[in-house]
Amino acid sequence: MPKLKRYYYQQENVVAVARDLLGKTLCTRINGKLTTGIITETEAYAGTNDKASHSFGGKRTARNEVMYAKGGRGYVYLCYGLHHLFNVVTNKENIPHAVLIRSLKPLEGIETILKRRRHKAVAKNTSGGPGTVSQALGISTELNGEDLTGNKIWLQEEGIKIIKQNIIAGPRVGVDYAGEDAELPYRFILKTF
DNA sequence: CGTACGATCTGCT
DNA sequence: GCAGATCGTACGA
């Protein structure tokens with residue numbers, strides 16, 4: 001399975017990328033341990049006009065700086081003081097787009113994943129939210145800004161074939177503060193997972 | 001410098 | 001169903 005190349009991350013339309021990432025494989029090699037999973041749920045955060053995004057209004061701080069880098073890097077930040085959320089930065093021309101990976105189906109390194117997750121829910125198909133995705137693959141803020149074409153964390157082509165009929169779009173989770181933008185159908189879920 | 005809070009998860013009731 | 005965990009960051013004084 002070939003790695004996604006840099007140009008993949010430099011497409012204009014984040015929402016399209018978020019949809020397209022379904023079925024691709026997210027991989028990490030942390031301390032020599034390889035763990036991978038098929039992406040089953042994503043959310044798009046679109047540029048500076050999206051009230052739900054950290055970059056709304058052109059906000060640019062030490063935390064979200066990497067959103068303004070060229071596409072193809074990871075944006076990892078701490079949420080609620082204990083969850084590391086992983087985003088793929090996808091943009092061209094300094095537009096701060098990102099895709100949050102909300103859920104995975106574990107593929108390789110199941111033993112390691114179970115250990116990291118203290119034998120919790122991952123035994124099933126998906127992990128239960130963006131925090132557990134990071135926990136399962138060993139992602140933490142140390143990987144913030146990491147190049148996604150490198151060998152610590154990367155994405156690969158389809159783990160499975162996706163047909164349109166199996167994709168559900170809906171509003172994003174936990175962004176009520178974003179007013180009308182909270183309604184946007186920027187969340188994509190693979191049915192049957 | 002102080003304070004409030006978040007793109008959440010878990011375990012207990 | 002609900003509260004507690006837990007702390008870096010943002011923002012105002």
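Note on naming: letters A, B, ... go to the chains in the order of the sequence lines (proteins, then strands), and numbering restarts at 1 for each one.
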Quiz prompt | Distance in angstrom units between A:F56 CZ and B:dA7 P, rounded | solution = 14 Å
Exercise. Give the rounded distance in Å between these two atoms: OH of A:Y80 and P of B:dA7.
Key: 6 Å
Exercise. Give one of base, sugar-phosphate or nothing for A:R63, where a contact means two heavy atoms less than 4.0 Å apart.
Key: sugar-phosphate
Quiz item: Does the cation-pi check pass for A:R172 over A:Y186, that is, NZ or CZ under 6.0 Å from the six-membered ring centre and within 45° of its axis?
Solution: no
Self-check item: Interatomic distance, A:H84 NE2 vs C:dT9 P [rounded to whole Å]
Solution: 11 Å
Self-check item: Between B:dA4 (P) and A:L78 (CG): distance, integer Å
Solution: 19 Å
Quiz item: So which one's nearest nucleotide on DNA chain B is more toward 5', A:Q135 or A:Y177?
Solution: A:Y177
Exercise. Starting from P on C:dG8, measure out to CG on A:N144 and report it in whole angstrom.
Key: 14 Å
Quiz item: Taking atom C1' of B:dG6 as reference, at what distance in whole Å does atom CG of A:L100 sit?
Solution: 13 Å
Quiz prompt | Sub-6.0 Å ring centroid separation between A:Y9 and A:Y7 | solution = no
Quiz item: Do A:L107 and A:T25 come close enough that some side-chain heavy atom pair is under 4.5 Å?
Solution: yes
Quiz item: Using a cut-off of less than 4.0 Å, is there contact between a side-chain N or O of A:R102 and OP1 or OP2 of B:dT8?
Solution: yes
Quiz item: With a 4.0 Å cut-off on heavy atoms, is A:T141 in touch with a base, just the backbone sugar-phosphate, or nothing at all?
Solution: nothing
Quiz item: Nearest to the side chain of A:C79, which nucleotide is it out of B:dA7, B:dC9, C:dC7?
Solution: B:dA7
Quiz item: Under a cut-off of 3.5 Å for both distances of each Watson-Crick or G-U pair, what dot-bracket string does DNA chain C give, using [ ] for crossing pairs and | for inter-strand pairs?
Solution: |||||.||||||.
Quiz item: Nearest of C:dA10, B:dT10, B:dA7 to any side-chain atom of A:V175?
Solution: B:dA7
Practice problem: Would you tell me whether A:Y8 and A:D20 have side-chain atoms, one donor and one acceptor, within less than 3.5 Å of each other? | Solution: yes
Self-check item: Identified side chain to side chain contact (heavy atoms under 4.5 Å, CB included) counterpart of A:L137 within the set A:T35, A:T132, A:T36
Solution: A:T35
Exercise. Ignoring the backbone of A:L82, work out which of C:dA10, C:dT6, B:dA7 is nearest its side chain.
Key: C:dT6
Practice problem: Work out which heavy atom in A:N91 is nearest to a heavy atom in A:A69; give both atom names and the distance. | Solution: ND2-O, 2.9 Å
Practice problem: Grab the CG-P distance between A:L85 and B:dG6 for me, whole Å please. | Solution: 14 Å
Quiz prompt | Integer-rounded Å distance: C:dG8 C1' and A:E142 CD | solution = 15 Å
Quiz item: Of the nucleotides B:dT10, B:dT8, B:dA7, which has the atom closest to the A:Y45 side chain?
Solution: B:dA7
Practice problem: State whether A:T61 places a side-chain N or O below 4.0 Å from either non-bridging phosphate oxygen (OP1 or OP2) of C:dA10. | Solution: yes
Quiz item: Is any side-chain N or O of A:H83 under 3.5 Å from a base N or O of B:dA7, one able to act as donor and the other as acceptor?
Solution: no
Quiz item: Can you list the steps and then say if A:K3 with A:E157 is a salt bridge (Lys or Arg N to Asp or Glu O under 4.0 Å)?
Solution: CA-CA 6 Å; A:K3 255 180 217 186; A:E157 285 300 337; over 6 Å; no
Quiz item: Could you go step by step and tell me if A:L26 and A:I153 meet the side-chain contact (heavy atoms from CB on, under 4.5 Å) rule?
Solution: CA-CA 8 Å; A:L26 176 61; A:I153 179 164; 4.2 Å; yes
